[in-house]
Amino acid sequence: MKKLFGRINMTWPKLIIFAVIAGVYTGVMAALPITKDTSFADISITFEWWVLFGIIIIVNSKTPLDSALKCIVFFLISQPLVYLVQVPFNAYGWGIFRYYPGWFVWTLCTFPMGFVGYFMRKNKWWSLLILVPILLFVGYHYWSFLRETLSYFPRHLLSALFCAATLVIYPLFVFAAKRLRTIGLILSLMIIAAATVLAVTGERSAYNTVLLVNNGSQGVEFDGSYEASLEDESFGEVYIDFDENIQDHMVKASFRKTGETKFILRAPDGTERVFRIDVHRSSVDIAEITDSGG
């Protein structure tokens, strides 16, 4: 671990290879259907791994300018590759690059962050002030992933554990001064504890969606006099709402866990139409159950 944090000769060829591997790997994880909504795909959406990559580059650079240049070049190579790898497999094709501008802004920010971040190596009291915002940023990711894990266990558990682990690793291996390492570790443990309490006591994550639209693709007609319910109420809630945008009724849902259950639409005269629903983290499959078992 000590070699990773300060004892690597981060030459330009090594940096470029590092960037290519990171970009290609991330693109593959984003493109594979099996990794959707899992910790393996989180690297393509959130920042926790990229924070680690940035810190590794910073602590293995020779000067503040060297650190800044290597950080921005690393991201200028890796981030476009993430999208390039996905082009053949994504429905948008080259249009997937519509998501790149946001990451490009972050890439530009890596130059000043890499420059300032280099001074963590000075082991001064203000070196800790440079690391604290990073710890808080990773702490936010930890809270977010833990909240997802508690709501849709075991999804994103690995990402939550990764964030907790790096929160401990950063102060212990970025700093050489024992006092800074101790104070940094205490701060990290406080962040982990606070984020854990917030995740455990706070509201669970929910997936909000529309199940049916009156006379929509499912061919189901209903209005505000109908009732909607779930066979297993632990999945969340469903309700009928009049949408002002389309001037019609919808069955809306707020799901708090994944799996299979049944959705019942009950008419005023008591007749029911029953649908089998398969709830995923960010999508739902719905099919009506007919007398023939459809």
Show the numbers, then the answer: is there a side-chain contact (heavy atoms from CB on, under 4.5 Å) between Asp243 and Lys252?
CA-CA 10 Å; Asp243 190 277; Lys252 296 182 178 180; 3.8 Å; yes

Give the cluster check for Ile45 versus Val87: same hydrophobic cluster or not, with ILVMFWY residues linked at side-chain heavy-atom distances below 4.5 Å.
no

Spell out, as yes or no, whether a donor-acceptor pair under 3.5 Å connects the side chain of Glu237 to the backbone of Glu233.
no

Pairing residues for Tyr207 by the side chain to side chain donor-acceptor pair (under 3.5 Å) criterion, not counting sequence neighbours
Thr209

Relative to the ring of Tyr100, is the ring of Phe104 parallel (under 30°), tilted (30 to 60°) or perpendicular (over 60°)?
tilted

Take Ser39 and Leu157, measure what side-chain contact (heavy atoms from CB on, under 4.5 Å) needs, and give me the verdict at the end.
CA-CA 7 Å; Ser39 295; Leu157 175 60; 5.5 Å; no

Can you confirm whether Leu161 sits close enough to Phe145 that some side-chain heavy atom of one is under 4.5 Å from a side-chain heavy atom of the other?
no

How many angstroms lie between CG in Leu212 and CZ in Phe263, if you round to the nearest 0.5 Å?
5.0 Å

Find out whether Met29 and Thr38 are in side-chain contact, i.e. whether some heavy atom of one side chain is under 4.5 Å from a heavy atom of the other.
no

Side-chain donor-acceptor pairs under 3.5 Å in residues 105-120, sequence neighbours left out?
from: Thr107; atom 1: OG1; to: Trp103; atom 2: O; distance (Å): 2.9
from: Thr110; atom 1: OG1; to: Thr107; atom 2: O; distance (Å): 2.4
from: Tyr118; atom 1: OH; to: Lys62; atom 2: O; distance (Å): 2.9

State plainly whether one hydrophobic cluster holds both Leu52 and Trp143, where clusters connect Ile, Leu, Val, Met, Phe, Trp and Tyr through side-chain heavy atoms under 4.5 angstrom apart.
no

Just so I know, are the side chains of Ile289 and Lys262 near enough to count as touching, which here means a heavy-atom distance under 4.5 Å?
yes

Nearest 0.5 angstrom please: Phe5 CZ to Ile56 CD1, how far?
5.5 Å

Between Phe74 and Phe18, does the ring pair (Phe, Tyr, Trp, His ring centres under 6.0 Å) criterion hold? Intermediate values first, please.
CA-CA 8 Å; Phe74 174 83; Phe18 183 19; 4.8 Å; yes

More than 12 non-hydrogen atoms from neighbouring residues, nucleotides or ligands closer than 6.0 Å to OH on Tyr92, yes or no?
no

Are Leu211 and Phe275 packed together at the side-chain level, in the sense that at least one heavy-atom pair is separated by less than 4.5 angstrom?
no

Flag if over 12 foreign heavy atoms under 6.0 Å of OH, Tyr226
yes

Is the count of non-hydrogen atoms from other residues, nucleotides or ligands lying under 6.0 Å from Trp12 atom CH2 greater than 12?
yes

Could you check whether any side-chain N or O of Asn214 sits under 3.5 Å from a backbone N or O of His249, counting only pairs where one atom can act as donor and the other as acceptor?
no

Return the minimal non-hydrogen interatomic distance between Asn123 and Ala177, and the atom names on each side.
OD1-N, 3.1 Å

Quick check against the 3.5 Å criterion: does Lys70 have a side-chain atom that pairs as donor or acceptor with the backbone of Ile57?
no

Using a 3.5 Å distance criterion without hydrogens, assess whether the side chain of Arg155 forms a donor-acceptor pair with backbone atoms of Asp37.
yes

Just jot down the side chain to side chain donor-acceptor pair (under 3.5 Å) partners of Ser225, sequence neighbours excluded, or say none.
Asp223

Thr166 vs Glu48, test: side-chain contact (heavy atoms from CB on, under 4.5 Å). Steps then yes/no.
CA-CA 9 Å; Thr166 53; Glu48 66 285 348; 5.9 Å; no

Side-chain touch Val213/Met250, heavy atoms, less than 4.5 angstrom:
yes

If you round to the nearest 0.5 Å, how far is CE of Met10 from CG of Leu15?
6.0 Å

Might you point out which heavy atoms bring Pro133 and Leu129 nearest each other, and give the distance in Å?
CD-O, 2.9 Å

Between Leu146 and Thr196, what is the shortest heavy-atom contact and its length?
CD2-CA, 3.8 Å

Here the pair of heavy atoms bringing Glu260 nearest to Arg276 is OE1-CD, 4.5 Å

I'd like to know whether NZ of Lys124 has more than 12 heavy-atom contacts from other residues, nucleotides or ligands below 6.0 angstrom.
no

Before giving the answer on side-chain hydrogen bond (donor to acceptor under 3.5 Å, both in side chains), spell out for Thr11 and Asn9 the whole-Å C-alpha distance, their side-chain angles and the decisive distance to 0.1 Å.
CA-CA 6 Å; Thr11 61; Asn9 181 21; 5.6 Å; no

Close side-chain approach of Ile240 to Leu265, heavy-atom, < 4.5 Å:
yes

Smallest separation among heavy atoms of Val85 and Pro88, with atom names:
O-CD, 3.3 Å

Do any N or O atoms from the side chain of Ser188 and from the backbone of Gly184 form a donor-acceptor pair under 3.5 angstrom?
yes

Donor-acceptor contact below 3.5 Å, side chain Asn60 vs main chain Gly6
yes

With a 4.5 Å cut-off on side-chain heavy-atom distances among I, L, V, M, F, W and Y, is there a chain of contacts connecting Ile17 to Leu69?
no

Take Phe75 and Phe53 through the ring pair (Phe, Tyr, Trp, His ring centres under 6.0 Å) test and state the conclusion after the steps.
CA-CA 10 Å; Phe75 283 90; Phe53 297 157; 8.2 Å; no

Ile192 side chain near Val168 side chain, heavy-atom distance below 4.5 Å:
yes

Kindly give the heavy-atom pair with the smallest separation between Arg147 and Ala199, and that separation in Å.
N-CB, 4.1 Å

What's the spacing between Leu128 CG and Trp126 CH2 if we round to 0.5 Å?
11.5 Å

Test side-chain contact (heavy atoms from CB on, under 4.5 Å) on Thr35 and Val28; report intermediate values, then the result.
CA-CA 9 Å; Thr35 64; Val28 170; over 6 Å; no

Report the residues that fulfil side chain to side chain donor-acceptor pair (under 3.5 Å) with Asn208, sequence neighbours left out, ordered by chain and then residue number.
Ser254

Do Leu131 and Pro171 come close enough that some side-chain heavy atom pair is under 4.5 Å?
yes

Rounding to 0.5 Å, atoms CD1 (Ile183) and NZ (Lys178) come to a distance of 12.5 Å

Give a yes or no answer on whether the side chain of His141 reaches the backbone of Phe47 with a donor-acceptor pair at less than 3.5 Å.
yes

Same cluster or not: Leu136 versus Leu167, using hydrophobic residues (I, L, V, M, F, W, Y) connected whenever any side-chain heavy atoms lie under 4.5 Å apart?
yes

Transitive ILVMFWY side-chain link Phe40 to Val51, under 4.5 Å
yes

Kindly compute the distance separating CE (Met190) from CG (Leu135), expressed to the nearest 0.5 Å.
12.0 Å

Among residues at least two apart in sequence or on other chains, which ones pass side chain to side chain donor-acceptor pair (under 3.5 Å) with Thr201?
none

Just grab all the ring-ring contact (aromatic ring centres under 6.0 Å, His included) pairs involving residues 160-180, residues at least two apart or on different chains.
Trp49-Phe162

Say whether, by atom type as modelled, one donor and one acceptor occur between the side chain of Ser44 and the main chain of Ala41 under 3.5 angstrom.
yes

Is there a donor-acceptor contact under 3.5 Å from the side chain of Gln79 to the main chain of Leu76?
no

Check whether Thr63 reaches the backbone of Asp66 with its side chain - one donor and one acceptor, N or O, closer than 3.5 Å.
yes

